[in-house]
Protein chains: 2
Amino acid sequence: MAEDASTTALTLKDIAREAGVSLATVDRVLHNRPGVRPDTVRRVKEAIARNAFQPHVAAAELARGRARRFAFVMPSGPNPFMQQIEAYLGEMSGWLSARRLSVEIVATDVFDPSVLAASLESLSGDYDGVAVVALDHPSVRAAINDLVEAGTKVVTLVSDVPSSRRHHYVGIDNIAAGRTAGALVGRLIGQRSGKVAIVAGSQALRDHAERIFGFNQVMASEFPDLGVLPVLEGRDEDNRSEQLLARLFGRHADIVGLYNVGAGTQGVGKALTDKALTDKALTDKVSSDAGREKRVVFVGHDVTALTRRLLLQGVMDAAISQNPGHEARAAVRVLLALARGEPILREQEKIRIDIVMRDNLP
Amino acid sequence: MAEDASTTALTLKDIAREAGVSLATVDRVLHNRPGVRPDTVRRVKEAIARNAFQPHVAAAELARGRARRFAFVMPSGPNPFMQQIEAYLGEMSGWLSARRLSVEIVATDVFDPSVLAASLESLSGDYDGVAVVALDHPSVRAAINDLVEAGTKVVTLVSDVPSSRRHHYVGIDNIAAGRTAGALVGRLIGQRSGKVAIVAGSQALRDHAERIFGFNQVMASEFPDLGVLPVLEGRDEDNRSEQLLARLFGRHADIVGLYNVGAGTQGVGKALTDKALTDKALTDKVSSDAGREKRVVFVGHDVTALTRRLLLQGVMDAAISQNPGHEARAAVRVLLALARGEPILREQEKIRIDIVMRDNLP
DNA sequence: GCCGTTTTGAGGTACGCAACTCATTTTGAG
DNA sequence: CTCAAAATGAGTTGCGTACCTCAAAACGGC
């Protein structure tokens, strides 16, 4: 209400006048170009701060001329979650080209540290920004630091390398995700007692290890009566996960909960369905709702076509999800903001841990 | 990989050449200006489509000159959720001014249809876009349609007027939100049996009615053993909600679940805490975990300072939440995209129904 | 006070488009 | 065929910044 609509936004010229210098000097200060006395730098910066001056983004972008190039270094394998991220990047193409931005996908074996590091090194100089699904390994860390050193903006995606000098991490807190999974499994089991199984890809993967850690934390502190069985390593493969689980169900008749940490969901689902059928055949004549009583609470990760179906069928109870579309867009926006020297809207770019059940399927 | 990095992005000049017309004609077509033969329009549009031409956003914005003005019509009362939206708009000020956008808050009694309608009418002509927390009423609908008619872009925020000609709705599907609440209450109750209470502000409010509808849907179809008690109308006031609930607890000893549809959370929490104390005092000598057995599953809406505390204390089990920051930013982005004639990233602007429990508190 | 270096000023060009003017060509009705 | 109206071409200006050049001024060491 108190705004004066007649005032036109300030321009660099106004700042130059305010600071008592020429446009060229303001320009030098703004872009950290050499050849300005410290005292003059201070005066200019003060004038900018005093007036809360913001360069006109559109004008800056236009004057800049050349387009910005970003690279997304992604796993080469057929990971559905990563494919979703790529698909969402594709959906942005109109948005990107209207801003003269280019995003290129670089497929790499991100699980081999030396290959990944080499891939990263090879990008140096060609790109304004790089988003990478990173393995946490010394050589990868070094490659990231080299990129940063060369002036490239770097964000880690989905999986972080906290000890590197990357500018930003776009992804979730995996310990909290594991805790959330634990709380859900425990709460959904309710008053029943029994054992809880965990299937993971590998405990050597940082994100999986963190999720298991968080899960166990909650189980130990809040559901001490539920025994947690040793982690099965399914290597994110369907067949292997299914077989390991089937064997486990054979040994333990009192499993009431299951946490699938990574992929291999198809196999896990199959093992569960088989078990349900067996249990039903065995107890059908005794009690009508024995099937419900013996039902295993199943919590996993990510909303894919498969987990969506399992949720709708009632085989799966909840999926802990990080929104792949949000991650794709946040990574692009963060790289752009970094390249432009704009502040990052932390609240906007933060990836939340979504709990997805049948009724709030996106 | 197949991209040719050497190709420079197309400009209007290229399109003009392609279509065999002059720049002026392309400009006329692009801005729906009169004086172009239908056949020529077609040729130009084809050339644009054929080359997937995107006008350079920055150039367009710069050339445009005048800043865009948006108005946010918000409730004047002390609603914490609305205050959060306003706060997040405030956080965007840097982002906004760098784009030469202005956002003004217009406080109004949105619960009085005629006052709201008058407020909307008064904005006509002054703004490029309007976001409004709208009551669904014929006169409001008419006011919205008038704005749209006058060329103003209109989005409804949090609460929709689906029968109006508003360009977009930024908010959640309240029926689905109610369903989610129902599924949570039912699942978290587990094997226990008993009754479920509902506290709402008023069943005359569209969003509350929709939530209750969704909640009852799920309870009836999936948890038929849980009896749902008649809705208490607390008018979103703490005292009233507390008293109504306390009386209800007195009449029904077997309440195992509670759904708070709107505000008044403080009162609901107090009623629950009092009940827990009473129950504990009565049964302490009999059984040590009777308190847990009698515990009421409590699900409500929105993450505020209060619900956050209740979740951490374990009084509240889950909050169904719509992210106010996301809503604020989405409304601005949608208005901007509409004003620029850009496509809207539906996936990005869709507001999701968040399930917030203690371990994934944002 | 001299000279070389550093700092600063002044000015220009370009970016792609919006918005406008005015002249010219094309069109269709009579 | 004529003439007014409609359609189109050609051109200009300006938006606010980046980036560049060249000259002028201020500076510091001796």
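Per chain, numbering begins at 1; letters A, B, ... match sequence-line order.
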Expressed in angstrom and rounded to an integer, what is the separation of [X] atom [atom1] from [N] atom [atom2]?
X	N	atom1	atom2	answer
R43(B)	dT26(C)	CZ	P	13 Å
L12(A)	dA10(C)	CG	C1'	16 Å
L23(B)	dC17(C)	CG	C1'	9 Å
R33(B)	dC17(C)	CZ	C1'	11 Å
D27(A)	dT7(C)	CG	P	16 Å
R37(B)	dT25(C)	CZ	P	15 Å
R42(A)	dT8(C)	CZ	P	12 Å

Is there a donor-acceptor pair closer than 3.5 Å between any side-chain N or O of [X] and the backbone N or O of [Y]?
X	Y	answer
H56(A)	L10(A)	no
N145(A)	S164(A)	no
S93(A)	G90(A)	yes

If the cut-off is 4.0 Å, is T40(A) near the phosphate of dT7(C), judged by side-chain N/O to OP1 or OP2?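 It does not, given that no N or O in the side chain of T40(A) lies less than 4.0 Å from OP1 or OP2 of dT7(C).
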Are E91(B) and R329(B) close enough, and set up right, to give a salt bridge (charged side-chain N to carboxylate O under 4.0 Å, His left out), and what steps lead you there? CA-CA 10 Å; E91(B) 278 186 16; R329(B) 293 182 294 265; 5.6 Å; no
Assess the residue pair R100(B) and E61(B) against the criterion (salt bridge (charged side-chain N to carboxylate O under 4.0 Å, His left out)); give the C-alpha distance rounded to whole Å, side-chain angles, the decisive distance to 0.1 Å, and a yes or no. CA-CA 9 Å; R100(B) 301 301 186 265; E61(B) 207 60 27; over 6 Å; no
Counting Watson-Crick and G-U wobble pairs only, both distances under 3.5 Å, name the nucleotide matched with dT26(C), or none.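 In the structure as shown, dT26(C) has dA5(D) as its Watson-Crick or wobble partner.
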Under a criterion of less than 4.0 angstrom to any heavy atom of chain A, what are the 5'-terminal and 3'-terminal contacting nucleotides of DNA chain D?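 Contact boundaries, 5' end first: dG16(D) to dC27(D).
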Would you kindly say whether E104(A) and Y127(A) are connected by a side-chain donor-acceptor distance under 3.5 Å?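 Distance-only check passes for E104(A) and Y127(A).
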Of H31(B) and R28(B), whose nearest nucleotide on DNA chain C comes first from the 5' end?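 Closer to the 5' end of DNA chain C: H31(B).
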Less than 3.5 Å between a donor and an acceptor, one on the side chain of R100(A) and one on the base of dG16(C), is that the case here?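 Counting by modelled atom types and ignoring angles, no donor-acceptor contact under 3.5 Å is found here.
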Check R33(A) with D27(A), please: is the shortest side-chain N to carboxylate O separation under 4.0 Å?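 Answer for the salt bridge query: yes.
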Residue whose nearest DNA chain D nucleotide is more 5′ - V21(B) or Q54(A):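 Closer to the 5' end of DNA chain D: V21(B).
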E349(B) and R333(B): salt bridge (charged side-chain N to carboxylate O under 4.0 Å, His left out), yes or no, with the steps? CA-CA 8 Å; E349(B) 312 309 354; R333(B) 280 192 305 254; 2.9 Å; yes
Worked verdict on L96(B) versus F70(B) for side-chain contact (heavy atoms from CB on, under 4.5 Å): CA-CA 11 Å; L96(B) 291 168; F70(B) 298 142; 5.9 Å; no
Near DNA chain D, which residues from residues 56-66 of chain B have a heavy atom under 4.0 Å away?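 Under 4.0 Å from DNA chain D: L62(B), A63(B).
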